[in-house]
Amino acid sequence: MRLTLNEYYGGIFWYSTGSNKIMSWLGDWSYQLGVFGILMLVVLFKSLYNGSLTRLLELVVLAVFLLAAIPVGFPLVPALMALWVYKDNCKRRTVYQNI
């Protein structure tokens with residue numbers, strides 16, 4: 001069907017043939033590393049969680065976005081996670097300095 005439509009429209013519309021490559025960020029971790037990947041994801045998300053409801057919602061939204069076709073080497077994902085850890089460390093420092 002795809003080839004017929006492609007010939008009919010003269011190649012104006014390009015339809016890919018698909019592949020067997022995993023494009024999801026979370027899916028790649030869980031498929032490539034198996035149980036250890038799932039454990040590492042749990043540890044990673046648990047270390048990012050600081051106990052607040054807003055952070056929980058942020059992590060849920062991040063997990064939903066990471067189910068999309070985002071490659072593992074995409075640099076904004078670890079940058080966002082590092083930003084959250086840095087923000088939590090700065091908050092802890094200011095709390096300890098005020099005591």
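Here the structure is a predicted model, which means the values were calculated and not measured.
The salt bridge (charged side-chain N to carboxylate O under 4.0 Å, His left out) contacts involving residues 54-64 comprise R55-E58, R55-D88, where partners must be two or more places apart or lie in separate chains. Sorted by first and then second residue, the side chain to side chain donor-acceptor pair (under 3.5 Å) pairs with a member in residues 63-85 form an empty list; sequence neighbours excluded. Pairs of residues two or more places apart, or lying in two chains, never qualify as salt bridge (charged side-chain N to carboxylate O under 4.0 Å, His left out) while including a residue from residues 31-44. For residues 26-39, the set of pairs meeting the salt bridge (charged side-chain N to carboxylate O under 4.0 Å, His left out) definition, not counting sequence neighbours, is empty.
With a 4.5 Å cut-off between side-chain heavy atoms of Ile, Leu, Val, Met, Phe, Trp and Tyr, the cluster of L83 takes in none. The hydrophobic cluster containing V64, built from Ile/Leu/Val/Met/Phe/Trp/Tyr side-chain heavy atoms closer than 4.5 Å, comprises no other residue.
With rounding to the nearest 0.5 Å, the separation of CG in N50 from NZ in K91 is 6.5 Å.
Scored by the side-chain contact (heavy atoms from CB on, under 4.5 Å) test, V77 finds W25, L66, I70, F74, M81 as partners (sequence neighbours excluded). Under the side-chain hydrogen bond (donor to acceptor under 3.5 Å, both in side chains) criterion, T54 pairs with S52, not counting sequence neighbours.
For the pairing with L62, the side chain to side chain contact (heavy atoms under 4.5 Å, CB included) check across L67, L26, L80 returns one residue only, L80.
F36 and I22 end up in different hydrophobic clusters when Ile, Leu, Val, Met, Phe, Trp and Tyr side chains are linked at under 4.5 Å.
Contact between P71 and A69 at its shortest, heavy atoms only, is CD-O, 3.9 Å.
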Side-chain donor-acceptor pairs of residues 38-47 under 3.5 Å, sequence neighbours excluded:
unit_1: S47; atom_1: OG; unit_2: V43; atom_2: O; d: 3.3
unit_1: S47; atom_1: OG; unit_2: L44; atom_2: O; d: 2.7

